[in-house]
Every structure is written in C-alpha cells, then in structure tokens.
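Here is the structure we will look at.
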Amino acid sequence: MKRWMLAGALVFSTFAKATADRPILGTCAAEVDATSRSSVDTTSRSPNVIVILADDLGYADLGCLGATDMITPHIDSLADNGVHFTDGYVTAPQCGPSRAGLLTGRYQNRFGFEGNEQAHRPGIPLDQPVISERFKKLGYVTGMMGKWGVTNYREGHPPQRGFDKSFWNHDGNLYFQETAPKGHDTQMRRGNEKVQLTEYSTDAFGREAVDFIRRHSEDPFFLYLSFITPHEPNEAKEEDLKRFAHIEDEGRRMFLAKMVCLDDNVGRILDALRQENLEEDTLVFFLSDNGGYPGISSSNLPLWGTKSSTADGGIRIPFIIQWKGRIPAGQVYRKPIISLDILPTALAAAGEKIDPAWKFDGVNLLPFLTGTNPGTPHETLYWRYYFPNDKPDCHGWAIRKGDWKLMRPSSNGKPLPVMLFNLGEDVREGRIPGNDQIKTHPEVAQKLRAEWEKWNADNQDPAKYNWNK
C-alpha cells in the first residue's frame with residue numbers, strides 16, 4: 001500500500017512535467033498562432049468517429065496524466081497527437097446517467113434520468129434521439145461494443161437504437177464469463193441474440209472493434225466502444241498481472257493489470273486505423289464515464305471526491321480528443337468542457353448543421369480547438385444527482401461558473417452542507433481544511449444558487465416524466 005500511496009502523491013507534481021511540452025490553450029487567444037490553426041475540411045469523405053469510454057477511470061489514472069506506475073502508451077499517444085482537457089467533465093458521477101447525457105447531447109435531467117435506477121427501466125426515453133440514430137440518418141455505418149447501461153427494455157437495446165452492429169451486455173461487471181457476478185445482467189449479446197463470452201471481455205470488445213473498422217474501412221462509420229475496464233469485478237489476465245509483479249499492493253496491481261489490457265486494445269484499434277489509412281479520416285474521443293472508485297484502487301488526485309460525488313473527483317475525468325491533420329496536436333486545453341460536447345462536435349465534423357430545435361446542451365468544440373474561436377465553450381456547467389430517489393439526504397448538485405464552483409456534494413452517509421470553492425485557487429476543493437469560501441463570499445454563492453435554480457426549473461422529475469410518449 002505504501003508504494004501506491006507514494007505514486008498517488010506524485011501525481012500532482014508530475015502532471016506539469018507530463019504536459020510541459022504541449023501548447024497550453026484555454027487561457028488566452030494568443031496561445032494559438034495562425035500557423036498552427038487548421039480548418040475542418042468536410043469536402044472529401046465524411047470522417048469516421050470513434051468514442052472510447054472507460055468505466056470508473058480516475059482523473060490521475062493514465063501515464064500522460066502523471067501516474068508513475070501506469071503503462072498506457074497507446075492512450076497517452078492520443079494526448080500527444082491531439083488535445084488533453086484538464087477540465088473535462090461528465091454530467092453525472094454514476095455510469096447510467098452519465099452515459100445518457102453523452103449519448104443524447106443533453107443533460108439527462110432534462111428527461112428525468114437521475115441515476116442507475118433509471119438505467120434499468122425505463123432508460124433513455126424513445127423520444128430522445130441518441131448519437132447512433134443521428135449518424136444513421138447521415139448514412140453512417142454504426143457499431144457498438146461493450147457496456148450499454150442505459151436501459152434493459154428490449155426496445156431500447158442497441159439494435160433498436162440505431163446500431164447496425166453490436167456486441168454488448170447491459171450492466172458491465174463482466175470480465176470472465178465463468179466468474180460473472182450474480183445479481184447483474186451480464187448476458188452477452190450480438191445484436192439481439194444471446195451469445196457466450198469466450199475470452200476476457202476487454203480483449204473481446206477490442207477484437208470486435210478492430211473487425212468493425214476493417215469491414216467498414218470504405219464507409220464512413222461511427223463506433224461507440226464502451227469498455228467495462230477498470231470497473232469491478234477485480235479480475236485480470238494472469239499474463240497482465242505478471243507485468244506488475246513488482247507492485248506490492250494487491251489491489252493496485254490488479255488495477256494496473258486491467259488498465260494495461262485496456263491500453264493494449266486501444267493500441268490495436270489505433271493500429272487498425274493506421275493499416276487502413278484512416279488516421280486522418282477519424283475523429284477519436286477518449287474519456288471516462290465518471291470519476292474513479294477507491295474499491296478498485298483508482299486515483300482522482302489531486303481532486304477531492306470519488307464516483308457518486310458531485311465534488312470534482314466524481315465528475316471531472318480524463319478527456320482526450322484526437323483528429324490527426326485537422327486538430328493541432330499536443331495541446332493542453334484548460335477551459336471547462338463536458339461530455340455533452342461530443343455529439344455536436346462529432347456531427348459538425350461530419351458536416352451536419354446543428355438544429356436549435358434539438359436543444360443540445362453541448363457545443364461544437366472544433367472552432368475552439370483549431371484556434372478559430374478564442375472564446376469559452378461554456379460559461380457555466382450544471383449538475384443534479386438525485387440518487388437514490390428515495391434518499392434526499394444523499395442527493396447532490398453543483399454549478400461551475402468560471403473558476404467558481406458551488407455544490408452540495410452527494411453523500412452515501414451524513415448529509416453534507418453547501419460549499420463554495422474557487423477552483424483556480426484550490427483545485428482540491430477543500431482537501432486543505434478551511435478553503436470553503438461560502439462565508440467569505442456569500443454574494444457569489446447566492447448568485448450561483450439562483451442560476452442553478454433557474455437551470456433546474458427546466459429539468460424533469462423522474463416520477464413525472466412520460467417515458468412512453
């Protein structure tokens with residue numbers, strides 16, 4: 001355990017070194033000169049889009065983010081060849097609602113999807129188009145591999161929500177079929193047909209993704225690759241565990257073994273793109289569905305909080321975008337962005353004009369990343385996490401405007417008070433005692449609370465939403 005604690009303590013200090021050679025964006029317009037700007041050319045073939053989603057990956061859990069015991073060269077290469085976002089967020093600190101926001105481009109609270117209670121039934125309402133359905137209308141071939149996690153209603157399964165090819169299960173929680181935990185839906189499916197998992201699931205999803213890329217190398221495709229890694233259960237392949245035999249802490253060794261397998265499979269996907277001459281025709285997103293979870297030995301340092309919390313450790317995640325030849329490589333972007341931005345960014349890359357009637361809460365990031373827009377993608381971000389529904393003492397919410405963040409952290413135990421932090425001065429949100437500024441800046445807290453209440457007025461109560469319309 002001591003070795004892992006030391007590694008975690010080094011994350012904050014090594015982050016600056018890990019990003020020192022990358023141009024820093026998101027603080028002033030002058031940081032991108034005209035020679036480094038690129039335009040998005042959609043006059044040739046429509047670009048492929050790949051979204052790679054990890055499950056419970058912590059803010060500090062990649063080599064490119066400063067983890068000193070981590071081996072993730074392929075994921076790190078995405079940051080080297082693209083953009084790493086220091087302030088990338090998801091819409092919820094739990095997998096179901098976070099995925100619902102990503103897939104729709106809307107705060108899931110707009111349609112009453114609060115937590116994993118809705119991830120089973122009823123899930124994302126059928127009147128809320130998801131990313132695969134939008135790309136199908138553009139003539140894309142669509143594929144999904146991995147954990148679905150947004151409904152177990154048949155009419156809401158991947159084949160019914162616009163995916164031409166799918167190899168998936170609902171709950172995740174699956175690495176080896178023979179040891180799949182009971183009490184979860186770990187049934188593997190190919191399309192609508194039940195199948196047996198015959199290999200480690202991370203490898204199976206990677207293999208299926210590579211096969212999809214090769215089969216559709218001549219077509220524009222959209223691929224949603226939702227790995228279970230590094231979520232529970234704590235199971236890894238023996239050959240990967242041996243690569244970390246020097247790590248004394250058993251939990252951390254297991255975590256690293258799972259992660260190296262994830263990285264190996266990301267590498268296979270990137271190799272397939274290179275071999276098919278698709279690198280410059282493919283926009284790649286990599287992120288986690290929420291913050292890390294201590295039970296799997298992940299790390300959110302230097303942030304406070306974990307999965308299930310509206311503190312930054314639960315919602316601020318590793319977030320990387322690569323589009324070779326279109327987005328300048330090696331950038332570090334410091335302005336807040338969110339997973340809601342994936343859908344409008346991907347559609348814009350495909351040449352689709354965003355219709356205001358779609359009511360996206362995300363924005364197209366391409367102008368900000370190519371230097372044509374020196375502004376800020378989001379002045380304000382919001383969170384509401386009313387989970388479990390029947391335990392209001394556990395509920396949390398948050399708002400970030402500029403560097404100011406007002407929140408009531410969600411909690412599984414004793415209710416926590418409303419807190420105010422300036423993230424520009426204290427990224428750790430109170431890990432240093434006494435940094436809560438709600439008493440010293442009550443006027444800021446009051447304005448932020450009023451703004452959050454105004455946003456929340458447009459959200460739906462899960463009990464009142466008409467899921468069958």
Side-chain angles (χ1 to χ4, degrees), residues 42 46-55 88-92 95-111 113 119 123-151 155-168 170 191 205 208-209 212-213 216 219-227 269 282-289 317 319-323 337-366:
T42 56
S46 297
N48 309 309
V49 177
I50 301 178
V51 177
I52 303 174
L53 188 66
D55 196 333
Y89 288 92
V90 287
T91 59
C95 57
S98 173
R99 291 159 193 265
L102 186 159
L103 290 170
T104 62
R106 305 187 71 210
Y107 283 110
Q108 67 282 352
N109 317 95
R110 306 294 197 196
F111 45 89
F113 197 134
I124 299 176
L126 298 182
D127 69 338
Q128 300 293 323
V130 296
I131 190 169
S132 47
E133 293 168 326
R134 295 195 183 277
F135 271 93
K136 279 284 287 181
K137 289 184 177 180
L138 298 179
Y140 276 62
V141 179
T142 54
M144 186 268 162
M145 289 86 199
K147 172 180 173 178
W148 184 229
V150 292
T151 184
E155 58 265 35
H157 286 176
Q160 283 70 47
R161 300 296 321 242
F163 285 104
D164 298 308
K165 307 290 183 182
S166 56
F167 182 76
W168 63 283
H170 177 64
F205 298 144
E208 292 284 332
F212 178 85
I213 291 168
H216 301 289
D219 310 304
F221 62 76
F222 169 75
L223 174 60
Y224 176 47
L225 183 52
S226 175
F227 285 105
I269 293 160
T282 305
L283 172 61
V284 181
F285 299 85
F286 179 91
L287 71 162
S288 179
D289 64 347
I317 42 82
F319 201 133
I320 302 168
I321 296 178
Q322 173 188 289
W323 193 3
I337 57 99
I338 195 166
S339 55
L340 299 168
D341 301 330
I342 289 175
L343 180 48
T345 301
L347 290 177
E352 178 77 332
K353 184 177 180 180
I354 306 301
D355 188 339
W358 297 340
K359 298 181 179 180
F360 285 158
D361 292 303
V363 301
N364 171 20
L365 294 174
L366 294 175

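Predicted model only: the values in this text are computed from it and were never measured.
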Point-to-point distance, once rounded to the nearest 0.5 Å, from [atom1] of [X] to [atom2] of [Y]:
X	Y	atom1	atom2	answer
Leu126	Glu155	CG	CD	6.0 Å
Gln128	Gln108	CD	CD	11.0 Å
Arg110	Asp361	CZ	CG	4.0 Å
Thr151	His157	OG1	NE2	6.5 Å
Asp219	Asn48	CG	CG	9.0 Å
Arg99	Ser226	CZ	OG	3.5 Å

Would you say the side chain of [Y] lies within less than 4.5 Å of the side chain of [X], judging by non-hydrogen atoms?
X	Y	result
Trp148	Tyr224	yes
Thr91	Leu102	no
Val51	Leu287	yes
Leu225	Phe205	yes
Lys137	Pro129	no

State, to 0.1 Å, how close [X] and [Y] come at their nearest heavy-atom pair, and which atoms those are.
X	Y	result
Ala350	Pro47	CA-CD, 4.0 Å
Gly191	Pro159	C-CG, 3.5 Å
Asn364	Leu366	OD1-N, 3.0 Å
Leu283	Ala349	CD2-CB, 3.9 Å
Thr345	Val363	OG1-O, 3.3 Å

Handout entry: Arg134 bridged to Asp355 by N-O distance under 4.0 Å
Key = no
Using the ring of each side chain (for Trp, its six-membered ring), is [X] parallel, tilted or perpendicular to [Y], with breaks at 30° and 60°?
X	Y	answer
Phe212	Phe221	perpendicular
Phe135	Tyr140	perpendicular
Phe111	Phe113	perpendicular

Is a donor on one side and an acceptor on the other found under 3.5 Å between the side chain of [X] and the backbone of [Y]?
X	Y	answer
Trp323	Val284	no
Ser288	Ile317	no
Glu133	Val130	yes
Arg161	Ser132	no
Asp55	Phe227	no
Asp164	Thr142	yes
Trp358	Pro344	no

Exercise for the section: Would you please test Phe163 and Phe222 for side chain to side chain contact (heavy atoms under 4.5 Å, CB included) and show each step? Expected result: CA-CA 9 Å; Phe163 285 104; Phe222 169 75; 3.9 Å; yes
Exercise for the section: Could you please spell out the steps behind the side chain to side chain contact (heavy atoms under 4.5 Å, CB included) verdict for Ile124 and Leu103? Expected result: CA-CA 9 Å; Ile124 299 176; Leu103 290 170; 4.2 Å; yes
Problem - Trace of the side chain to side chain contact (heavy atoms under 4.5 Å, CB included) decision for Ile213 with Leu223 - result: CA-CA 8 Å; Ile213 291 168; Leu223 174 60; 4.3 Å; yes
Practice task
Check step by step if side chain to side chain contact (heavy atoms under 4.5 Å, CB included) holds for Phe319 and Val90.
Solution key: CA-CA 9 Å; Phe319 201 133; Val90 287; 5.9 Å; no
